[in-house]
Structure formats: structure tokens, C-alpha cells
Enquirer: 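First the structure, then my questions, so here it is.
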Amino acid sequence: MIEQPNLEEEKRLKELEDYGILNTPDDPSFDSITKLASAICGTPIAAVTFIERDRQWFKSSVGLGGVKETHRKDSFCTFTIQDDSVLEVKDATLDSRFQNNILVTGNPNIRYYAGAPLITPTGKRLGALCVIGTEPHSLSDQQLEALKILSGQVVELMELRRSNRELALAKKFAEDQQNLMIDRAKLQTIGELAGGVCHQINNPLAIIVGRSMILRSQLKSVLPADSELFKELDIIDQTSQRVSGIIKALRVYSRDMGENRVDADISELIDDVLLLIQPRMKMNDIKLTYEKMPGLKIKMNKNQISQVIMNLLNNSVEALEESPTKEIIISVVDGVKNITFKIADTGKGIPVRDREKVFESFFSTKNRNFGIGLSNAQNFIYQHNGEISLLCAEGPTTFQFVLPKAT
């Protein structure tokens, strides 16, 4: 027969975990209560304990010589949390529950124990405030009441610590949302500027292309096909096509910043971004390794995903500016339900101290000015039900994002 889990015990353990108090450093506030309990009750040992699944952990203690935990099966406090009242054991050698306990038959040779359960506002008993002696003993009613009052003070401290932690998290969330609004406002401005640039360039470009066609047509009747003038016109046409491609890529940044999503080929998007960034790569002699996988479609906001790719590539280019080995490797992997995009560079990597900060708003390092880029990248990927992560923190640095395929 399979043993069924104790649901109440699981709830108790879950609430203990939610307080975030386990394995935390010493705290003078808890230590003061422990010392006071020892003084009031006249015992050499006192402790604030929490009962986990298999162990008893001491948040604070007096007279235990720095011991931080014991097995739960050897714990007196595990009996204390079975009831709301104070448990008093006047002589452990005469109590059948404890007389063979290793803490009674051996160090610290417990004879006396009194424990008041730590009862949370929801009624869960998470541990105890206990006092311990090495001689048979008893407490007066006033001392037992004081022990119970002090156990309530322990719970008040726990509640205060949790409230402070939740307040700090709420503050951080509010700051993150504020930073996100600032980021979006900046991106909106960039988008508007990009739209204006496209408009201002597109009209003169159309005139250049048109005049080139007219000149080519007029010169055909008077010049041979291999004339140097035709070669110059070819250069004009090729440059015009390149500028047209750049305008196409810039237009991505001037479009809708929200939920406007279409089924788009990820390789085509990468090509558009590369049009903008390849001149910078060429200027820095950076080798690009990229094997296209056309036909892989994602339902996306093209503006947002383009920005993600652009930010990752810009960071890699910056990392390679002073690197002896300069290579960027782009890979796209087709999965069953997802498409994985990776970009790796041969820069010196990201310091250990910065690994967990790279997606924070406006975070920057001396050699990698991530700014708002990766923070927005993470936000955009999350909006697409995807994931983005830093895979290699040192050596060749690899960023990866995973997005669901279009259905």
C-alpha cells in the first residue's frame, strides 16, 4: 500500500519555506529573545528552532556551542508543534518519549525541556522557542506564560521580516515597470526618428534611381556597352539597392511597438538586421559564420524581434572590437515546437560578478555597454512566450532565445 502524503504537514512545510527564514544568518533581534528566554526561565540553553521535513534547524541559540541543526527524529520540538500549548518535560529520564533519546543519554544531557510553539497567523506551527536544562527543573505559571509571549514575539519578527522582503520585491517590481516605461518611451522615440529618416531618404533615393535609369537609356545609343560610364552607373544602382535595403530594415523600427504580429521567416528578419550591422562588422574585421535555414516561421512582432537580434549582434560586435580573435557565429535550430536562435562571439566573456545582471535595465560593464538593450530583449521575448538566456558567461559568450513556431 502506498503511503499517502500528510496534506497538513505539506502545507506547514510550504508556509515555513515561504517565510524565507531557513538557513539565514544570525540575527540580533532573534538572539535577544533567546537570551531573554534563558534568563527568565533560569536555564543554560535556549533556542529558536524550525522543524523541517527531516531536520531541526536553529535560527538562534544560547548554550549550544554553535550547533545549527539536529535530526528531526531526535528533536523535542517536533513534539511541541503537535499542540498549541507549551510542552514542559520536567525530567526527560522519566519520560518514555525521551528517556532513550541520544540528546538525553549523551551530549548535551538534556534533563529539562520547555517549548512554546511558533504559531503563525494561519495557525501553522513551524517550530518552537524552547529552554533546556541539564538538571530536572520546572517553571512557574508566570515563566511559562512569559515563554509563550516570547514565542509570539518570534512570530512577529518573522512576519516583519517577510513584510519587509515583500515590500522590497514590490519596490523592485515598481522600479522595473518604471524603467520599462522609460525604455518603451525611448524606443518609441527611436521608432519615430527611424520613420522620419526613412521618409527623408526615400524620396531622394527614388530620384537617384530614376535619373540613373534615364541616363542609362540615353547613353545606350551613343556609347558601347563596356563603357566606363556604364560601370559607374552600375555602382550607383548597386549602392542605391543597398540604401534601399537599409531603409527597409529601418522601417521595422518605425512600425507598431505592440501586439501587431504576423507569421514571419526568422532568416529574412536576420538578413534585414545584418544589412544594418554588417558595415560595422566589416570595419572591425569581424568574421561572420551564419548558415541560413529559410522557411522557419514565427508569429511575431517583427519590430520587437528585430530589436532583440540587433541588440545581441551589437553587443557581440562591441565585445570583439579589442579581441585578437574576431568571429560571430549565428545559428538557427529548428525544433519540434520551437525555434532556437543563438549568437556566440569570441570575445573575452562576461565577468562572473556580472552574469546575473546582464538583463537588468541600464546595466553596463566596462567592455559591454548593454544599456537598455538586453532588458528590452528579455521583455520582448517574454511577450512572445519565449525564453532568453546567457549560456556561456566566460570564453565564447553565447546568448540564446527560444520562440514557439508559427502554427
Side-chain angles (χ1 to χ4, degrees), residues 12 15-52 55-70 72 74-92 95 98 101 103-104 107-165 167:
R12 188 190 73 82
E15 185 159 343
L16 175 56
E17 180 182 353
D18 288 345
Y19 271 96
I21 197 168
L22 294 172
N23 303 314
T24 53
D26 294 343
D27 188 320
S29 298
F30 287 92
D31 292 342
S32 296
I33 294 176
T34 307
K35 292 174 183 177
L36 186 58
S38 174
I40 289 174
C41 298
T43 59
I45 300 171
V48 173
T49 73
F50 293 101
I51 304 300
E52 294 186 78
R55 71 163 180 164
Q56 171 182 246
W57 181 73
F58 300 100
K59 171 61 181 173
S60 173
S61 66
V62 173
L64 285 177
V67 174
K68 294 299 293 183
E69 64 180 70
T70 63
R72 179 173 178 174
D74 302 322
S75 165
F76 280 58
C77 293
T78 196
F79 289 89
T80 301
I81 66 171
Q82 294 175 13
D83 192 82
D84 286 351
S85 59
V86 175
L87 171 65
E88 185 177 30
V89 180
K90 298 180 179 180
D91 187 343
D95 192 311
F98 307 111
N101 188 297
L103 302 178
V104 175
N107 189 49
N109 300 302
I110 295 174
R111 293 296 179 267
Y112 178 79
Y113 170 90
L118 304 177
I119 306 172
T120 70
T122 63
K124 301 294 187 298
R125 297 181 288 269
L126 305 185
L129 171 63
C130 64
V131 293
I132 297 169
T134 56
E135 299 291 340
H137 189 54
S138 64
L139 298 181
S140 66
D141 290 343
Q142 291 84 356
Q143 288 173 312
L144 291 171
E145 181 64 20
L147 189 65
K148 190 171 183 179
I149 291 172
L150 288 175
S151 72
Q153 291 301 303
V154 172
V155 175
E156 289 290 335
L157 270 178
M158 292 164 57
E159 285 288 315
L160 179 61
R161 296 294 189 272
R162 181 162 70 173
S163 296
N164 288 342
R165 190 175 70 253
L167 182 62

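Since the model is a prediction, treat every value here as computed from it, not as a measurement.
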Enquirer: Tell me the ring pair (Phe, Tyr, Trp, His ring centres under 6.0 Å) pairs involving residues 109-135, sequence neighbours left out?
Expert: F76-Y113, Y112-H137

Enquirer: Is D18 paired with R165 through a side-chain N to carboxylate O contact shorter than 4.0 Å?
Expert: no

Enquirer: How long is the gap from CG on L144 to CG on L87, to the nearest 0.5 Å?
Expert: 10.5 Å

Enquirer: Going by distance alone, is a donor N or O of one side chain under 3.5 Å from an acceptor N or O of the other, for D31 and S60?
Expert: yes

Enquirer: Side chain to side chain contact (heavy atoms under 4.5 Å, CB included) for D84 and R125? Distances and angles first, verdict last.
Expert: CA-CA 8 Å; D84 286 351; R125 297 181 288 269; 2.6 Å; yes

Enquirer: Give, for atom CD1 of I33 and atom CD1 of I149, the distance between the pair rounded to the nearest 0.5 Å.
Expert: 12.0 Å

Enquirer: Heavy atoms, side chains only, cut-off 4.5 Å: are I21 and F30 in contact?
Expert: yes

Enquirer: Under a 4.0 Å N-O cut-off, is there an ion pair linking K148 with E145?
Expert: no

Enquirer: Quick one: are V131 and S38 in side-chain contact, heavy atoms under 4.5 Å?
Expert: no

Enquirer: So, do T49 and C130 sit near enough that their side-chain heavy atoms are less than 4.5 Å apart?
Expert: yes

Enquirer: Indicate the atoms forming the closest heavy-atom contact of P44 with G133, along with that distance.
Expert: CD-CA, 3.9 Å

Enquirer: Using 0.5 Å steps for rounding, measure from the CG atom of L157 to the CZ atom of R162.
Expert: 13.5 Å

Enquirer: Hey, are the side chains of Y19 and K124 touching, using non-hydrogen atoms and a 4.5 Å cut-off?
Expert: no

Enquirer: With rounding to the nearest 0.5 Å, note down the distance linking CG in L139 to CG in D141.
Expert: 9.5 Å

Enquirer: Is it the case that the side chain of Q143 and the backbone of I40 share a donor-acceptor pair, with hydrogens and angles ignored and the cut-off at 3.5 Å?
Expert: yes

Enquirer: Could you tell me the separation between the CD atom of E88 and the SG atom of C41, rounded to the nearest 0.5 Å?
Expert: 9.0 Å

Enquirer: Find out whether I119 and V155 are in side-chain contact, i.e. whether some heavy atom of one side chain is under 4.5 Å from a heavy atom of the other.
Expert: no

Enquirer: I want to check something: taking the side chain as every heavy atom from C-beta on, are I110 and V89 in contact at a cut-off of under 4.5 Å?
Expert: no

Enquirer: Indicate yes or no: at least one non-hydrogen side-chain atom of I132 is less than 4.5 angstrom from one of T43.
Expert: no

Enquirer: Taking only residues two or more places apart in sequence or in another chain, which ones pass side-chain hydrogen bond (donor to acceptor under 3.5 Å, both in side chains) with E52?
Expert: R55

Enquirer: NZ of K35: more than 12 outside heavy atoms within 6.0 angstrom?
Expert: no

Enquirer: According to the interplanar angle, ranging from 0 to 90°, do the rings of F50 and W57 count as parallel (below 30°), tilted (30 to 60°) or perpendicular (above 60°)?
Expert: parallel

Enquirer: Indicate yes or no: at least one non-hydrogen side-chain atom of V154 is less than 4.5 angstrom from one of K59.
Expert: no

Enquirer: So how far is it from R111 CZ to D95 CG, rounded to the nearest 0.5 Å?
Expert: 12.5 Å

Enquirer: Please tell me whether R161 and T24 have a donor and an acceptor in their side chains that are separated by less than 3.5 angstrom.
Expert: no

